[in-house]
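A quick write-up on the structure given underneath.
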2 protein chains.
Amino acid sequence: MTTAENQNWRSIRDELNRRIAKRIWLPGELIPGEVELAEEFGCARATVNRALRELASTGLLDRRRRAGTRVARHPVRKATFSIPITRIEVEDRGAAWSHRVLSNDRLPAPAQVAERLGIKPGQDLLHQTSVHFADREPFVLEDRWISIDTVPGILDVDFSHISANEWLVQNVAFTRGDFVLCAANASRTEADILDTKPGAALFIVERTTWNLDMPITSVRLAYAPGYQVRMEI
Amino acid sequence: MTTAENQNWRSIRDELNRRIAKRIWLPGELIPGEVELAEEFGCARATVNRALRELASTGLLDRRRRAGTRVARHPVRKATFSIPITRIEVEDRGAAWSHRVLSNDRLPAPAQVAERLGIKPGQDLLHQTSVHFADREPFVLEDRWISIDTVPGILDVDFSHISANEWLVQNVAFTRGDFVLCAANASRTEADILDTKPGAALFIVERTTWNLDMPITSVRLAYAPGYQVRMEI
DNA sequence: AAGTGGTCTAGACCACACC
DNA sequence: GTGTGGTCTAGACCACTTC
């Protein structure tokens, strides 16, 4: 019965994955329990558990106490989407990064921004707009609101060499973030800044982050045409 | 030293997360080893290991043998991006789903499609274009190439009630996928189909999937204006 | 060489969900 | 009640990396 000893959890995961891929186990089907699989693979139950947990975390299996483990009927697979520092994102593309601050003002929070951050409208925030460049070509336009309450140090930062993005990432940890991805036509102003035509399709990322329920920043990133996000599963 | 017994790995994870968020441990700093943390929390090393592994998997910690565990300097955090069945995506928005097949032809693979799928140009594929509707409003335009070799059954499917998307998800497991997200201006044809104006900014998803190195399908999804992808960390 | 994380074991008890 | 997964333990050996 034991066909292979010295299995590690990865090889067990791969074998179970194969059985799902090859439809040896059909969607919705109950698969053997941890104890039975441990016997089959000649390993401890904890090792099988590790493999099953990984597959469940990618959406391939549904696990419930008492009910057992089933192959997911609607395999809503999950891909990871990473949030890099813009400077590093540019440099990873083999380009030289630079940036320019367009505006930097203390302003009361507009209603929409206050709602996103979960604060009272009118609270003092730092509003900054800036452009990041890749080899002198506009790369992304950043429109950012920062909570002065949470991040008082932001008022003393010299933004000539470090962007608000990178300063925040390095100086303020965040525990929670909301993200919205969408597409939008460039306004005249955006087109001018990004060196494109009004109406050009821009990839937009809106990101709001908190640190333990303290709002940090809400930012809208408008990427120059041609920008792509790549992911793998 | 032991401040709390009966800790589970989640509470240990949360406590370590708090120390990172509060900058008790600074970015780049070496944190105590597993043995030491296990003593502090009064639990087994494996329990601490579980908590540390979770934090490392979200990008908050960098772990290396011999070198120890450090707080990530550039916390490239990861969000999960799920790949739903379009029908379910529409219904989750409280709308009624329907779809219409615009074309369905056996064609030799164009070079670009062949390259994406990793097959020889000219190989026979099924090319299908279709529109999904949400409450009779165009939702997404789908341009799909399917490998007949890998999925011969696709030729016998009645697409009047099930979309290729859903049929494939339910009938062909996939083990690997590439995704590209970007924005594009609607062509005249796309605008007509999606009931918008030429030039409108469309959110584009290009997705290619394989099952154990057998190519399944490559699809380009052009979402009607207003579409957003939401994620949380 | 030595210290760190990576993994595995054998066993145990618990929580939950279905009976 | 009862069976399943969820978690924990105490110990062990291994793999990798830095010294």
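Residue numbers start from 1 in every chain, and the chains themselves are labelled A, B, ... in the order their sequence lines are given, proteins ahead of strands. No hydrogens, no waters, no symmetry mates; every other heavy atom, side chains included, goes into these values. As the structure is a prediction and not an experimental result, all values here were calculated from the model.
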Any chance you could list the contact pattern along nucleotides 10-19 of chain D? Use B for base contacts, S for sugar-phosphate-only contacts and - for none, protein heavy atoms under 4.0 Å, 5' to 3'. --B--BBBBS

Partners passing side-chain contact (heavy atoms from CB on, under 4.5 Å) against [X] (at least two apart in sequence or in another chain):
X	result
A/Thr217	A/Arg144, A/Ile146, A/Leu168, A/Thr209
A/Gln228	A/Arg230, B/Val180, B/Cys182
B/Arg70	B/Leu30
A/Ala44	A/Thr47

Ring pair (Phe, Tyr, Trp, His ring centres under 6.0 Å): which pairs involve residues 147-169 of chain B, sequence neighbours left out?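 Found none.
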
At less than 4.0 Å, is any side-chain N or O atom of [X] found next to OP1 or OP2 of [N]? Yes or no.
X	N	answer
A/Thr47	C/dT9	yes
B/Thr69	C/dT4	no
A/Arg10	C/dT7	yes
A/Arg50	C/dT7	yes

Between A/Arg45 and A/Glu39, does at least one N-O distance fall below 4.0 Å, as a salt bridge requires? no

Send over the distance from B/Ile31 CD1 to C/dT4 C1', rounded to a whole Å. 12 Å

Separation of A/Arg70 atom CZ from C/dA17 atom P, in whole Å?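 It is 15 Å, rounded to the nearest whole Å.
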
